[in-house]
*Asks:* 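Got a structure for you, questions after.
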Number of protein chains: 2
Amino acid sequence: MAVAAIPAPRQLESWVSFLRAHAAITRELSAQLQREHDLTLNDYEVLLHLSHAEDGRMRRVDLAERVVLTASGITRLLEGLERAGYVCKESCAADARVSYAALTDKGRKKLGSAAETHLRGVDELFVSRYSGSELTALAELLGRLPVTGADCKPESDTPCS
Amino acid sequence: MAVAAIPAPRQLESWVSFLRAHAAITRELSAQLQREHDLTLNDYEVLLHLSHAEDGRMRRVDLAERVVLTASGITRLLEGLERAGYVCKESCAADARVSYAALTDKGRKKLGSAAETHLRGVDELFVSRYSGSELTALAELLGRLPVTGADCKPESDTPCS
DNA sequence: CAGCCATAGTTGCGTACTCAAGTGTAGCGC
DNA sequence: GCGCTACACTTGAGTACGCAACTATGGCTG
């Protein structure tokens, strides 16, 4: 019957904490970014990834994987960032299928100011609750988790060159 | 300027892992539940919380806090579960403002079968990646994170009695 | 009792996504 | 060259929320 079952065994506690904490923190951080900079948390993450990428640009599909969105999700997200002038579309000479999202100067500047807000928030809600060694441990543990159905795929920076 | 800044210091690694892992895992788990049982991850969580509650029912507002949704979010989510017959609305004799969400037999049964899928998924994607002591450590660490702007508030089971 | 603020819940509207179906291009076997 | 599957991306339709504004009730203070 499994009626009285629905077990909430000890091992699941961390899972539950994980769910709840994520929901609460990202909600707050997203609200902060929205209020102060009119950016989503995902918008911010996209700008951040672009800023770290070679030439400040990435293939849309790789970007999607980084922020764990679908192809269509990235299209719409970038739509907004393009409209705001933070990124622009570039095409690839070697492969007409791919188009890049490239960070503009305006976007880089925006990221700089949004980063202040965001880093403060992350620090307050996340980092400050742990010691240095705890953060290291946490990073190691969380790093084992899958990132897509096909698991981790940390580097895919061979676009079409 | 902060242009070259946008620091991705070591301490933020765990934060980034946290974000990505959550997005990837919940996406997969939600897709599983949707495919096999036509339930959202949040639907499932709500049924689960109800099943643990006294008399299988909770105030909507408490439920909202548990699953980290807003009041309106809970209203709409419960709308769906009520339509499906998994929960039903009950009013409170002592306080006409509150209404309960109560688990039906059908809902309990549904939860039982969905739990198999879900627990398998959680185990596969989360639990199995850690040892017992690691899980304990993780639970402790994640348990420190805030759950709302007003922080943790683990027990609020004094509805109107 | 009247007046007032807090609380529980709902509703309108906007948004950030997803999935499925479509377009255009690349690279393959022949 | 002609088809064929694979890929990068876009588009249409639908969904799961959040926020702000609303109603209805409760409890408090005079």
*Asks:* With respect to the phosphate group of C:dA16, does any side-chain polar atom (N or O) of A:N42 fall under 4.0 Å of OP1 or OP2?
*Replies:* no
*Asks:* OP1 or OP2 of D:dT10 sitting under 4.0 Å from any side-chain N/O of A:R60?
*Replies:* yes
*Asks:* Select one nucleotide: of D:dC17, C:dT18, D:dA8, the one nearest the side-chain heavy atoms of A:T70.
*Replies:* C:dT18
*Asks:* Report yes if at least one side-chain N or O of A:K89 is closer than 4.0 Å to OP1 or OP2 of D:dT10; otherwise report no.
*Replies:* yes
*Asks:* Provide, to the nearest angstrom, the distance between the CZ atom belonging to A:R27 and the P atom belonging to C:dT15.
*Replies:* 18 Å
*Asks:* Is there a side-chain contact between B:L145 and A:Y130, using heavy atoms and a 4.5 Å cut-off?
*Replies:* yes
*Asks:* Figure out the CG/C1' separation between B:L29 and C:dT18, and round it to whole Å.
*Replies:* 16 Å
*Asks:* Please give, in whole Å, the distance from C:dG24 C1' to A:D95 CG?
*Replies:* 11 Å
*Asks:* Rounded to the nearest angstrom, tell me the gap between atom CG in A:L41 and atom P in C:dA16.
*Replies:* 12 Å
*Asks:* Roughly, in whole Å, what's the span from CG in B:D62 to P in C:dT7?
*Replies:* 13 Å
*Asks:* Check whether any side-chain heavy atom of A:V61 lies under 4.5 Å from a side-chain heavy atom of A:I74, and answer yes or no.
*Replies:* no
*Asks:* In whole Å, I'd like the distance from the CG atom of B:L63 to the P atom of C:dT10.
*Replies:* 12 Å
*Asks:* Kindly state which residues belonging to residues 74-85 of chain B come within less than 4.0 angstrom of DNA chain C, counting heavy atoms of the residue only, listed by number.
*Replies:* B:T75, B:R76
*Asks:* Counting distance alone, no hydrogens or angles: does the base of D:dC17 have a donor or acceptor under 3.5 Å from a partner atom on the side chain of B:S72?
*Replies:* no
*Asks:* Look at A:E140 together with A:R144 and state whether they make a salt bridge at an N to O cut-off of under 4.0 Å.
*Replies:* yes
*Asks:* Consider the side chain of B:S99, meaning its heavy atoms from C-beta on, and name the nucleotide among C:dG9, C:dC19, C:dA8 that approaches it most closely.
*Replies:* C:dG9
*Asks:* Check the distance between C:dA16's C1' and A:D38's CG and give it to me in whole angstrom.
*Replies:* 13 Å
*Asks:* With heavy atoms under 4.0 Å as the rule, sort A:A96 into base, sugar-phosphate or nothing.
*Replies:* sugar-phosphate
*Asks:* Stepwise, does the side chain to side chain contact (heavy atoms under 4.5 Å, CB included) test hold for B:Y100 with B:R60?
*Replies:* CA-CA 6 Å; B:Y100 291 98; B:R60 297 162 100 83; over 6 Å; no
*Asks:* Take the protein atom CG of B:L39 and the nucleotide atom C1' of D:dA16, then report the distance between them rounded to whole Å.
*Replies:* 14 Å
*Asks:* Above 12 or not: heavy atoms from other molecules or residues under 6.0 Å from CG of B:D105?
*Replies:* no
*Asks:* In terms of side-chain heavy atoms of B:V61, which of D:dC9, C:dG9, C:dA16 is nearest?
*Replies:* C:dG9
*Asks:* Can a side chain N or O of B:R97 be found less than 4.0 Å away from OP1 or OP2 on C:dA6?
*Replies:* no
